[in-house]
Protein chains: 2
Amino acid sequence: MAESEQDVCRQILQILGLIGDKWTILVVGQLRDRTLRFGELHRVVTGISQRMLTRTLRQLERDGLVTRTVHAGVPPRVEYALTDLGLTLLDSVTALGQWATGHRQQIIEHRRRYDTAHPAPIR
Amino acid sequence: MAESEQDVCRQILQILGLIGDKWTILVVGQLRDRTLRFGELHRVVTGISQRMLTRTLRQLERDGLVTRTVHAGVPPRVEYALTDLGLTLLDSVTALGQWATGHRQQIIEHRRRYDTAHPAPIR
DNA sequence: CAGAATCCCACCCGATACTG
DNA sequence: CAGTATCGGGTGGGATTCTG
């Protein structure tokens with residue numbers, strides 16, 4: 001089964017796109033050191049809507065990055081935790097986050113300079 | 001000047017979002033070892049529209065990740081190259097790309113299993 | 001509590017046409 | 001050649017409502 005370079009490239013891009021998603025990063029970040037319930041995640045990931053939290057978690061579950069554990073009973077309880085695979089992603093993302101942190105000031109400064117040098121057209 | 005955690009977090013997310021953009025990654029990747037002209041980039045980054053290439057390059061320039069050099073004359077010639085800052089980004093992205101490459105099969109396999117276990121509702 | 005379903009709008013982005 | 005301008009379809013994502 002031949003697999004073209006194109007396919008591989010597109011798959012990797014897809015994965016990077018997943019990682020680049022802001023909600024994904026925030027959610028994975030929150031699961032760093034402990035498992036959390038749906039409601040806890042909803043509270044701790046500031047600004048996320050119920051819908052987006054659900055979608056993000058589903059995708060992460062589908063990709064094998066988090067586990068979803070339903071505890072029977074009333075009220076219902078669903079817990080989310082990182083898998084081993086999810087942990088390796090966390091490491092990589094953390095590294096990238098450190099790049100972002102480390103160069104944040106530089107980038108902001110560049111933007112400031114660029115924006116003053118290229119004023120918005122009047123319109 | 002107090003800078004809230006929220007602000008810093010949002011800035012980092014913004015930067016990660018930038019990195020996650022598929023065109024950004026492809027363009028930066030192509031500039032890895034040599035400077036390229038607009039038209040060359042347009043040819044080599046498969047599928048990108050003129051508009052998106054322009055926008056991507058502008059943003060990268062604004063953030064100080066690439067330089068834009070205009071050579072006078074006819075026909076016009078504009079060359080793009082990575083800055084030192086851009087190179088450090090390239091390194092980080094490459095690392096993440098290696099993660100994606102290394103775990104690609106696992107993720108695809110997880111998806112396959114998930115999709116067969118959770119068949120799409122009939123509709 | 002943990003979602004699923006629906007509505008709806010803002011914006012992203014591609015296609016196309018025009019310009020210095 | 002290297003862009004800008006404009007239009008229009010598709011989509012991401014918020015707000016709201018309903019259910020097991």
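Predicted model, so just to flag it, every value in this text is computed and none were measured. Numbered from 1 within each chain, the chains take letters A, B, ... in sequence-line order. Hydrogens, waters and symmetry mates are skipped; everything else that's a heavy atom, side chains included, is used.
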Inset, instruction - Might you point out which heavy atoms bring Thr94(A) and Arg32(A) nearest each other, and give the distance in Å? - result: OG1-NH2, 2.9 Å
Inset, instruction - Check the distance between dG3(D)'s P and Glu79(B)'s CD and give it to me in whole angstrom. - result: 12 Å
Inset, instruction - For Gln50(B), check side chain to side chain contact (heavy atoms under 4.5 Å, CB included) against everything at least two apart and list the hits. - result: Phe38(B), His42(B)
Inset, instruction - In whole angstrom, give the distance that lies between atom CZ of Arg55(B) and atom P of dC11(C). - result: 12 Å
Legend entry - Toward the 5' end of DNA chain D, by each residue's nearest nucleotide, Tyr80(B) or Asp21(A): Tyr80(B)
Inset, instruction - Summarise how protein sits on nucleotides 14-20 of chain C as a single string, 5' to 3': B when a protein heavy atom is under 4.0 Å from the base, S for sugar-phosphate-only contact, - for no contact. - result: B--B--B
Legend entry - Whole angstrom value for the distance that separates P of dC1(C) from CZ of Arg37(A): 7 Å
Legend entry - Pairs flagged by side chain to side chain donor-acceptor pair (under 3.5 Å) wherever residues 77-90 of chain B is involved - sequence neighbours left out: Trp99(A)-Thr88(B), Arg68(B)-Tyr80(B)
Inset, instruction - Output all residues satisfying salt bridge (charged side-chain N to carboxylate O under 4.0 Å, His left out) with Arg113(B), sequence neighbours left out; order by chain, then residue number. - result: Glu109(B)
Inset, instruction - Could you list the residues that satisfy side chain to side chain contact (heavy atoms under 4.5 Å, CB included) with Gln106(B), not counting sequence neighbours? - result: Leu85(A), His103(B)
Inset, instruction - Give me the residues of residues 58-73 of chain A where at least one heavy atom lies under 4.0 Å from an atom of DNA chain C, by number, or none. - result: Arg58(A), Arg68(A)
Inset, instruction - Figure out the CZ/P separation between Arg77(B) and dA2(D), and round it to whole Å. - result: 9 Å
Inset, instruction - Using the test side chain to side chain contact (heavy atoms under 4.5 Å, CB included), find all partners of Ala81(B) that sit at least two apart in sequence or belong to another chain. - result: Thr35(B), Thr67(B)
Inset, instruction - Round to the nearest Å and state the distance from Leu36(A) atom CG to dC1(C) atom C1'. - result: 15 Å
Inset, instruction - Give the rounded distance in Å between these two atoms: NE2 of His118(B) and C1' of dA4(C). - result: 16 Å
Inset, instruction - Take the C1' atoms of the five end pairs on each side of the helix from dC1(C)-dG20(D) to dG20(C)-dC1(D), derive the two axes, and give their angle rounded to 10 degrees. - result: 40°
Legend entry - Nearest atoms (heavy-atom pairs only) where Leu60(A) meets Val27(A): CD1-CG1, 4.0 Å
Inset, instruction - Write down the distance between CG (Leu41(B)) and C1' (dA2(D)), rounded to a whole number of angstrom. - result: 12 Å
Legend entry - Pairing residues for Arg62(B) by the salt bridge (charged side-chain N to carboxylate O under 4.0 Å, His left out) criterion, not counting sequence neighbours: Asp115(A)
Inset, instruction - Apply salt bridge (charged side-chain N to carboxylate O under 4.0 Å, His left out) to Arg55(A) and list each qualifying residue two or more places apart in sequence or on a separate chain. - result: none
Legend entry - Qualifying side chain to side chain donor-acceptor pair (under 3.5 Å) pairs with a residue from residues 19-29 of chain B, counting only residues at least two apart or across chains: Asp21(B)-Thr24(B)
Legend entry - Leu53(B) CG - dA2(D) C1' separation (whole Å): 10 Å
Legend entry - salt bridge (charged side-chain N to carboxylate O under 4.0 Å, His left out) partners for Arg111(A), two or more places apart: Asp63(B)
